[in-house]
Asks: 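After the structure tokens below, expect a handful of questions from me.
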Amino acid sequence: MTLRNGIILALCLAVAVGGYLLVGKPGMGDQPMSDRQAGLMEKVRTNPQSLTPAETLSRLEATVKERPDDPQPHYFIGEILHSQGRTADAARAYQSALRRDNEFIPALLALADSLVELNNGAVSPEATRLFAKAYELDETEVRAGMWAAMGAAQAGDQEKAEQAMRYIYSRLPEDDPRRARFAPMIEALSQPAAPVPEAE
């Protein structure tokens, strides 16, 4: 089982004492939803590794109803959708998580990554903002800080990108192996941009 699936299953276990939905769920047969959820809860208790992605998604959607202010079920729904290649749908789930807690770091990072993926690898201003916020909230999220700096560089603000990289570098422990990777990036950002040749 992957770490991500393990986290999803752990969340299901954490909400195992919740109530059940009363409406049906497409793709889950003709049982009443209360019976389906009861069966899923039993599976969560006795054999969580046997849950299919559809069953886990159903359980998480039930949790959304049971705990409407909790960002975690929305985030994990996004993780399942993303694992299925449904990146745009996953992004909407991460946005739902952030509407419940706009400082929920896993959703900040996941949404930013999804936006980069949807933008063919380019770091949009919104993705840059999300990465920067995640790093601001937790400076151990060095990757988020790097992506925020890359976003500034892609937007043409080399000075801001260099400042961000230097700040991240300065916060790393002296024995952190990532320091060796930062030096050439900072050096590259400190170089003046090549002038654009004029059309003849």
Asks: Without swapping roles, check the side chain of R171 against the backbone of E139 for a donor-acceptor pair under 3.5 Å.
Replies: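 Side chain of R171 to backbone of E139, a donor-acceptor pair under 3.5 Å: no, none is there.
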Asks: Begin with the C-alpha distance, continue with both residues' side-chain angles, and end with the deciding distance and a verdict on side-chain contact (heavy atoms from CB on, under 4.5 Å) for T63 and D70.
Replies: CA-CA 9 Å; T63 307; D70 188 346; 5.6 Å; no
Asks: Can you tell me if Q154 uses its side chain to pair, donor with acceptor, with the backbone of V123 under 3.5 Å?
Replies: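 Present.
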Asks: Starting at OG of S170, measure out to CE of M165 and round the result to the nearest 0.5 Å.
Replies: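 Those atoms lie 13.0 Å apart.
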Asks: Salt bridge check: are R129 and E126 linked by an N-O gap of less than 4.0 Å?
Replies: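 Yes, charged N to carboxylate O under 4.0 Å.
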Asks: Is there a side-chain contact between M146 and R178 (heavy atoms, below 4.5 Å)?
Replies: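 Side chain of M146 against side chain of R178, heavy atoms only: no contact under 4.5 Å found.
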Asks: Let me confirm one number: the CZ-CD1 distance from R166 to I168, rounded to the nearest 0.5 Å.
Replies: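 Reported value, rounded in 0.5 Å steps: 12.5 Å.
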Asks: Check for a donor-acceptor pair, side chain of R179 on one end and backbone N or O of Y169 on the other, with a separation under 3.5 Å.
Replies: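 Present.
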Asks: Would you name the heavy atoms of L57 and I80 that are closest together and state the gap between them?
Replies: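 The pair with the smallest heavy-atom distance is N-CD1, 3.9 Å.
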Asks: Consider only side-chain N and O atoms of Y167 and E162, and report whether a donor and an acceptor are under 3.5 Å apart.
Replies: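 No, because no side-chain N or O of Y167 sits under 3.5 Å from a partner of the opposite role on E162.
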Asks: How long is the straight-line distance from NE2 of H82 back to OG1 of T87, given to the nearest 0.5 Å?
Replies: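 It is 4.5 Å, given to the nearest 0.5 Å.
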Asks: Taking all non-hydrogen atoms of both residues into account, name the closest pair between D101 and P71 and its distance.
Replies: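 Minimum heavy-atom separation between D101 and P71: CB-CG, 3.9 Å.
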Asks: Would you find a donor on one side and an acceptor on the other, under 3.5 Å apart, between the side chain of N119 and the backbone of G121?
Replies: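 Here the side-chain-to-backbone pair does not exist.
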Asks: Closest heavy-atom contact between Y75 and A110?
Replies: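 Scanning both residues, the minimum pair turns out to be CE1-CB, 3.9 Å.
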Asks: Check the hydrophobic clustering (I, L, V, M, F, W, Y; side-chain heavy atoms under 4.5 Å; chains of links allowed) and say if I77 and L118 are grouped together.
Replies: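 Shared cluster, no.
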Asks: Which atoms form the tightest heavy-atom contact between A161 and A149, and what is the distance?
Replies: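 The answer is CB-O, 3.3 Å.
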Asks: Do H74 and Q95 have side-chain N/O donor and acceptor atoms under 3.5 Å apart?
Replies: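 There is no such pair (donor and acceptor under 3.5 Å, judged by atom type) between the side chains of H74 and Q95.
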Asks: Can you tell me how far the CG atom of L108 sits from the CG atom of L98, to the nearest 0.5 Å?
Replies: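 Spacing of CG (L108) from CG (L98) equals 5.0 Å.
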Asks: For the pair K160 and D157, find out whether any cationic side-chain nitrogen is under 4.0 Å from an anionic carboxylate oxygen.
Replies: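 Salt bridge absent between K160 and D157.
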Asks: Ignoring hydrogens and geometry, is there a side-chain-to-backbone donor-acceptor pair from T128 to S124 under 3.5 Å?
Replies: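 Confirmed, T128 side chain pairs with S124 backbone.
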Asks: Is there a side-chain contact between R143 and F131, using heavy atoms and a 4.5 Å cut-off?
Replies: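 A side-chain contact exists here, since the closest heavy-atom pair is under 4.5 Å.
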Asks: Would you confirm whether R100, through its side chain, and P68, through its main-chain N or O, come within 3.5 Å as a donor-acceptor pair?
Replies: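 Yes; judged by distance alone, with no hydrogens or angles, the pair exists.
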Asks: Heavy atoms, side chains only, cut-off 4.5 Å: are L109 and Y94 in contact?
Replies: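 With C-beta onward as the side chain, the pair stays apart.
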Asks: Distance alone, cut at 3.5 Å: any donor-acceptor contact between the side chains of R99 and S96?
Replies: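 There is such a pair (donor and acceptor under 3.5 Å, judged by atom type) between the side chains of R99 and S96.
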Asks: Identify the two heavy atoms, one from A93 and one from L81, that lie closest to each other, and give their separation to 0.1 Å.
Replies: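 In this case the closest contact between A93 and L81 is CB-CD1, 4.5 Å.
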Asks: Before giving the answer on side-chain contact (heavy atoms from CB on, under 4.5 Å), spell out for K133 and E103 the whole-Å C-alpha distance, their side-chain angles and the decisive distance to 0.1 Å.
Replies: CA-CA 8 Å; K133 184 170 184 178; E103 294 186 349; 4.1 Å; yes
Asks: CZ/R92 to CZ/R86 distance, rounded to the nearest 0.5 angstrom?
Replies: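 Answer for the CZ-CZ pair, R92 versus R86, is 9.0 Å.
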Asks: Find the distance between OG1 (T140) and CD1 (I105) and round it off to the nearest 0.5 Å.
Replies: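 Interatomic distance, T140 OG1 to I105 CD1, rounded to 0.5 Å: 7.5 Å.
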